[in-house]
Amino acid sequence: MKYTLLILSLFYISFGFAQKLISPFSGSYHLDVDATNQIMIAKGINSADEVIPDDVRKQMEGITLKIKKESITMTMLGQEREMRFSDRASVKDKGICDLVLIQDKDQESTNTKEKYLTLVILDQGKIQLKSEDENSDMDNFVWVKIE
């Protein structure tokens, strides 16, 4: 009995520690339009240009990200998308932690590959969330925490 309690205690302690990886980054973020645009220009994305039209800038400034203990929510063009995750130590260089996305039951049966986002810290407290396949639009976004 005492071994069972010991094992359960260690499990809960390790589970609590794992969820703390993302805790320092919890909060609301807005898109750094200029830094995002520079990444897009460097990658040769056709829609990127040195001068961002005012209407496009306004749309980009409206993009937000909320990081919570077990989910991230992105708001873009008036639509909100929430993704649940569990966090773990990052498997990538320069990664702080990985957010392993929890897929719906219907997605699990058709998609066996694990999907995750790696949180990377940039200069001046900015962050990026990079996808596991490194070929996602999300990889271009640079986020700044809203104070």
Side-chain angles (χ1 to χ4, degrees), residues 1-48 52 56-57 59-147:
M1 180 66 177
K2 66 180 170 180
Y3 291 114
T4 304
L5 289 174
L6 177 65
I7 291 170
L8 285 173
S9 297
L10 290 174
F11 172 75
Y12 286 118
I13 290 169
S14 65
F15 181 75
F17 175 73
Q19 290 298 320
K20 291 181 183 176
L21 292 172
I22 194 65
S23 293
F25 304 97
S26 293
S28 297
Y29 294 79
H30 67 86
L31 189 67
D32 183 324
V33 176
D34 294 319
T36 298
N37 190 51
Q38 289 305 313
I39 289 173
M40 294 171 66
I41 289 170
K43 288 184 174 181
I45 296 173
N46 292 337
S47 62
I52 303 170
V56 174
R57 179 176 286 279
Q59 286 179 341
M60 291 177 77
E61 288 172 346
I63 299 173
T64 60
L65 175 73
K66 286 185 185 174
I67 300 177
K68 298 182 233 172
K69 183 177 163 186
E70 296 176 349
S71 69
I72 58 174
T73 305
M74 183 184 287
T75 304
M76 180 184 288
L77 301 174
Q79 295 185 352
E80 197 171 273
R81 180 176 181 206
E82 182 178 40
M83 295 176 277
R84 295 180 311 124
F85 66 84
S86 62
D87 59 350
R88 67 176 181 207
S90 181
V91 297
K92 290 187 177 181
D93 287 341
K94 299 181 184 178
I96 300 302
C97 65
D98 290 339
L99 310 179
V100 182
L101 301 178
I102 299 170
Q103 299 181 13
D104 295 332
K105 294 292 181 194
D106 58 335
Q107 292 174 324
E108 285 179 0
S109 60
T110 60
N111 203 354
T112 57
K113 184 180 176 189
E114 178 181 73
K115 297 211 175 274
Y116 62 92
L117 301 170
T118 300
L119 190 139
V120 177
I121 296 178
L122 304 174
D123 293 336
Q124 301 167 348
K126 298 175 184 179
I127 64 168
Q128 277 185 294
L129 294 174
K130 297 194 170 207
S131 66
E132 80 283 351
D133 62 9
E134 298 180 6
N135 196 20
S136 170
D137 289 339
M138 177 72 102
D139 295 354
N140 303 325
F141 294 171
V142 176
W143 301 100
V144 178
K145 194 165 192 174
I146 300 169
E147 298 298 328

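Predicted model, so just to flag it, every value in this text is computed and none were measured.
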Euclidean distance, K43 NZ relative to D137 CG, rounded to 0.5 Å: 8.5 Å
Contact summary for L129 and L65, nearest pair of heavy atoms: CD1-CD2, 3.8 Å
Check: T64 and E80 side chains under 4.5 Å, non-hydrogen atoms: no
Check: F85 and I22 side chains under 4.5 Å, non-hydrogen atoms: yes
D87 side chain reached by L119 side chain, heavy atoms, under 4.5 Å: no
K66 backbone acceptor or donor facing S28 side chain under 3.5 Å: no
Between OG on residue S26 and CD on residue E70, distance to nearest 0.5 Å: 10.5 Å
Separation of M74 CE from I63 CD1 (nearest 0.5 Å): 7.5 Å
Minimal non-hydrogen separation, K92 against K130, with atom names: NZ-O, 4.5 Å
Between CG on residue D32 and CE on residue M60, distance to nearest 0.5 Å: 9.0 Å
Criterion side-chain contact (heavy atoms from CB on, under 4.5 Å) on K94 and Q128, from CA distance to verdict: CA-CA 11 Å; K94 299 181 184 178; Q128 277 185 294; over 6 Å; no
For the student: nearest non-hydrogen atoms of L21 and P24, plus distance: O-CD, 3.5 Å
Separation of R57 CZ from L31 CG (nearest 0.5 Å): 10.0 Å
Contact summary for T118 and S90, nearest pair of heavy atoms: CG2-OG, 3.4 Å
pair I39-T36: side-chain heavy atoms closer than 4.5 Å: no
Audit row: I52, D34, side-chain contact (heavy atoms from CB on, under 4.5 Å) steps and yes/no: CA-CA 9 Å; I52 303 170; D34 294 319; 4.1 Å; yes
I67 vs W143 side-chain heavy atoms within contact, under 4.5 Å: no
Working for side-chain contact (heavy atoms from CB on, under 4.5 Å), residues Q38 and V142: CA-CA 10 Å; Q38 289 305 313; V142 176; over 6 Å; no
Min side-chain heavy-atom separation L99-M83 under 4.5 Å: no
Close side-chain approach of E61 to H30, heavy-atom, < 4.5 Å: no
Atom pair CG (L117) and CE (M138), whose distance is rounded to the nearest 0.5 Å: 5.5 Å
